*Asks:* 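Quick one: structure below, then a few questions.
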Amino acid sequence: MKKKRAADGLLARTGGIWTREKLTYLEKYSSAFMKAMGPKRAQGRWERLVYIDLLAGPGLDIDAETNGEFNGSPLIALAVRPKFDHLYLADKDSKNISALKARIPAEDENRVTLMRGDCNVLVTEVLKQISTHTLGLAFVDPQGFEVHFDTLAKFAKRRIDLLYLFPSGIGVRRNWRQSIESPQSKFEKFWGGPDWRELPVVKQATGVTENLTSDKILNSFVVAFRKKLERAGFEVQDEAVPLFTNMNNAQMYHLLYFSHDRAGLKIWNGIKRIGPGGQRTLL
Ligand SMILES: C[S@@+](CC[C@H](N)C(=O)[O-])C[C@H]1O[C@@H](n2cnc3c(N)ncnc32)[C@H](O)[C@@H]1O
């Protein structure tokens with residue numbers, strides 16, 4: 001993804017309609033999450049309500065077509081009311097961190113922990129800082145295979161709701177076939193092991209079972225990945241996963257939702273019903 005200077009003179013990411021769509025889901029869910037959980041925090045059910053975004057980007061996005069600027073995920077979460085008690089934000093790119101730091105309003109600085117580093121390492125440190133009476137919302141928004149399955153599995157062990165942009169079109173579709181021939185450690189870490197080789201779609205590629213279409217191939221990966229995270233501890237999941245496509249209708253990614261609480265799933269389903277246009281529900 002290209003980077004540009006925004007009107008404030010700082011670095012921004014370029015995005016498309018699908019970028020705005022995914023961020024609209026985040027904005028709606030994080031607002032509904034805080035509206036539902038804020039009163040429970042006041043009653044003492046939760047000690048703290050936190051937001052975790054370890055692939056946060058520079059804080060601002062620019063529409064590649066219109067040049068319109070819009071807030072990225074960390075600034076969206078900062079603006080949610082009632083407020084998150086704390087936000088853990090990170091990126092591995094120091095330029096993104098500098099831009100994001102400059103965009104965090106002074107009055108919010110004391111409720112933000114900003115880190116530069118690899119999300120797969122930082123996740124352990126962040127989770128150490130969160131008590132068992134804390135409820136979290138994690139937004140995990142990669143460009144490809146940079147997030148290891150083990151990282152998501154760590155979230156599954158805690159009271160955290162997870163929104164994960166599963167890189168189906170932008171990652172799996174382009175890489176799974178060549179990974180059969182030459183195992184890529186990137187793919188294996190993203191998947192969390194070699195078990196993807198047992199999927200019917202993969203066996204089909206080696207001539208063992210029936211023909212499958214491209215959509216079915218990606219769906220099969222999505223369903224299997226969800227099952228793995230269910231085994232890791234995320235027992236509440238969205239089964240009708242939104243799919244995002246680009247302007248040419250090519251699949252980009254699936255937005256997976258995980259929780260430990262059926263009330264969270266109910267909120268998520270409500271968000272999806274009024275979700276932004278352009279996405280299809282596939283599974
Ligand atoms: C798709 S962008 C996130 C965009 C952001 N959510 C937004 O709304 O603007 C992914 C970000 O992850 C960062 N990144 C890539 N690999 C990473 C890693 N292993 N750990 C932390 N950040 C990483 C990239 O520098 C990039 O800024």
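Basis for what follows: all heavy atoms, side chains included, without hydrogens, waters or symmetry-related copies. Fair warning: this is a prediction, and the values are worked out from it, not measured in the lab. Order of listing sets the numbers, starting from 1, for every ligand and every atom in it.
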*Asks:* Run the side chain to side chain contact (heavy atoms under 4.5 Å, CB included) test on Leu26 and Tyr51 for me, step by step, so that the C-alpha distance in whole Å, both residues' side-chain angles and the decisive distance to 0.1 Å come before the verdict.
*Replies:* CA-CA 11 Å; Leu26 170 68; Tyr51 173 80; 3.7 Å; yes
*Asks:* Please name the residue in the list Arg159, Lys157, Glu235 that meets the side-chain hydrogen bond (donor to acceptor under 3.5 Å, both in side chains) test with His260.
*Replies:*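 Checked Arg159, Lys157, Glu235 against His260; only one passes side-chain hydrogen bond (donor to acceptor under 3.5 Å, both in side chains): Glu235.
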*Asks:* Taking the inter-plane angle between the rings of Phe187 and Phe190 on a 0 to 90° scale, is it parallel (under 30°), tilted (30 to 60°) or perpendicular (over 60°)?
*Replies:*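 Perpendicular, since the angle between the ring planes exceeds 60°.
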*Asks:* Cut-off 3.5 Å, no hydrogens considered: what does the side-chain donor-acceptor table look like for residues 54-66, sequence neighbours left out?
*Replies:*
residue: Asp63; atom: OD1; partner: Glu65; partner atom: N; Å: 2.8
residue: Asp63; atom: OD1; partner: Thr66; partner atom: N; Å: 3.2
residue: Thr66; atom: OG1; partner: Gly68; partner atom: N; Å: 3.1

*Asks:* Tell me, with the steps shown, if Val140 and Leu162 meet side chain to side chain contact (heavy atoms under 4.5 Å, CB included).
*Replies:* CA-CA 7 Å; Val140 178; Leu162 169 66; 3.5 Å; yes
*Asks:* Going by the closest heavy atom to atom 21 (C) of ligand 1, which one wins out of Thr19, Leu54, Val123?
*Replies:*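 Checking each option, the heavy atom nearest atom 21 (C) of ligand 1 is found in Leu54.
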*Asks:* Which pair of heavy atoms, one from Ile180 and one from Arg197, lies closest together, and at what distance?
*Replies:*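 Closest approach of Ile180 to Arg197, heavy atoms only: O-NH1, 3.5 Å.
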*Asks:* Which ligand 1 atoms are under 4.0 Å away from a heavy-atom of Leu23?
*Replies:*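 Matching atoms, with element in brackets: 8 (O).
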*Asks:* Can you tell me which residue and heavy atom of the protein come closest to atom 16 (N) of ligand 1, and the distance to 0.1 Å?
*Replies:*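 The closest heavy atom on the protein side is Glu146 CG, 3.3 Å.
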*Asks:* Which atoms form the tightest heavy-atom contact between Cys119 and Glu146, and what is the distance?
*Replies:*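 Closest approach of Cys119 to Glu146, heavy atoms only: SG-O, 4.3 Å.
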*Asks:* Run the numbers for me: atoms of ligand 1, each under 4.0 Å from some heavy atom of Asp118, listed by number.
*Replies:*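 Counting from 1, the qualifying ligand atoms are 18 (C), 19 (N), 20 (N).
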*Asks:* Is there a polar contact, in the sense of an N or O pair closer than 3.5 Å, between Ala90 and ligand 1?
*Replies:*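 Not met; the criterion fails.
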*Asks:* Please write down residue, atom name and distance for the protein heavy atom closest to atom 1 (C) of ligand 1.
*Replies:*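 For atom 1 (C) of ligand 1, the nearest protein heavy atom comes out as Asp141 O, 3.2 Å.
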*Asks:* May I ask you to check if ligand 1 and Gln143 share an N or O to N or O distance below 3.5 Å?
*Replies:*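 No.
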*Asks:* With heavy atoms of Ser73 as the reference, note each atom of ligand 1 found under 4.0 Å away.
*Replies:*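 Heavy-atom distances to Ser73 below 4.0 Å select 5 (C), 6 (N), 7 (C), 8 (O).
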*Asks:* Would you please name every residue forming a side-chain hydrogen bond (donor to acceptor under 3.5 Å, both in side chains) with Gln237, sequence neighbours left out?
*Replies:*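 For Gln237, the residues satisfying side-chain hydrogen bond (donor to acceptor under 3.5 Å, both in side chains) (neighbours in sequence not counted) are Arg226.
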*Asks:* Going by distance only, is there an N or O of Asn120 that falls short of 3.5 Å from an N or O of ligand 1?
*Replies:*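 There is no such contact.
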*Asks:* Please evaluate residues Leu265 and Ser259 with respect to the criterion side chain to side chain contact (heavy atoms under 4.5 Å, CB included), reporting the C-alpha separation (whole Å), side-chain torsions for both, the decisive distance (0.1 Å), and the verdict.
*Replies:* CA-CA 7 Å; Leu265 181 59; Ser259 181; 5.7 Å; no
*Asks:* Using a 4.0 Å cutoff against the non-hydrogen atoms of Asp61, which atoms of ligand 1 qualify?
*Replies:*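 Going through ligand 1 atom by atom, the ones under 4.0 Å from Asp61 are 7 (C), 9 (O).
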*Asks:* Show the atoms of ligand 1 that are less than 4.0 angstrom away from any heavy atom in Gly57.
*Replies:*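 Going through ligand 1 atom by atom, the ones under 4.0 Å from Gly57 are 27 (O).
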*Asks:* Using a 4.0 Å cut-off to any heavy atom of Asn96, which atoms of ligand 1 qualify?
*Replies:*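 Here the atoms of ligand 1 in question are 25 (O), 27 (O).
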*Asks:* Which ligand 1 atoms, with their elements, are less than 4.0 angstrom from a heavy-atom of Gly117?
*Replies:*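 Ligand 1 atoms under the 4.0 Å threshold to Gly117: 20 (N), 21 (C).
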*Asks:* Nearest to atom 20 (N) of ligand 1, what protein heavy atom do you find, and at what distance?
*Replies:*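 Protein heavy atom at minimum distance: Cys119 N, 2.8 Å.
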*Asks:* If you have a sec, work out which protein heavy atom is nearest atom 22 (N) of ligand 1 and how many Å separate them, to one decimal?
*Replies:*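 Nearest neighbour among protein heavy atoms for atom 22 (N) of ligand 1, to 0.1 Å: Lys92 N, 3.2 Å.
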*Asks:* In terms of ring plane angle, is the pair Phe225 and Phe166 parallel, tilted or perpendicular, where the classes change at 30° and 60°?
*Replies:*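 If you compare the ring of Phe225 with that of Phe166, the planes turn out tilted.
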*Asks:* Identify the closest protein heavy atom to atom 3 (C) of ligand 1: which residue and atom is it, and at what distance?
*Replies:*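 In this structure, atom 3 (C) of ligand 1 has Leu55 O, 3.2 Å as its nearest protein heavy atom.
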*Asks:* Any chance you could measure Thr113, atom OG1, to Leu122, atom CG, to the nearest 0.5 Å?
*Replies:*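 One finds 11.0 Å between OG1 of Thr113 and CG of Leu122.
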*Asks:* Examine ligand 1 and decide if any of its atoms is less than 4.0 Å from a heavy atom belonging to Ala56.
*Replies:*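 True for this residue.
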*Asks:* Please confirm whether Pro58 comes under 4.0 Å of ligand 1, counting heavy atoms of the residue only.
*Replies:*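 The answer is no: ligand 1 sits nowhere under 4.0 Å from a heavy atom of Pro58.
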*Asks:* Short list, please: which atoms of ligand 1 are under 4.0 Å from a heavy atom of Gly72?
*Replies:*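 Here the atoms of ligand 1 in question are 7 (C), 8 (O), 9 (O).
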*Asks:* Flag Asp91 as yes when one of its N or O atoms lies below 3.5 Å from any N or O atom of ligand 1, and as no otherwise.
*Replies:*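 Looking only at distances, the answer is yes, because the N/O contact criterion of under 3.5 Å is met.
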*Asks:* Out of curiosity, Tyr29 OH to Asp161 CG, how far, rounded to the nearest 0.5 Å?
*Replies:*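 Between Tyr29 OH and Asp161 CG, I get 3.5 Å after rounding to 0.5 Å.
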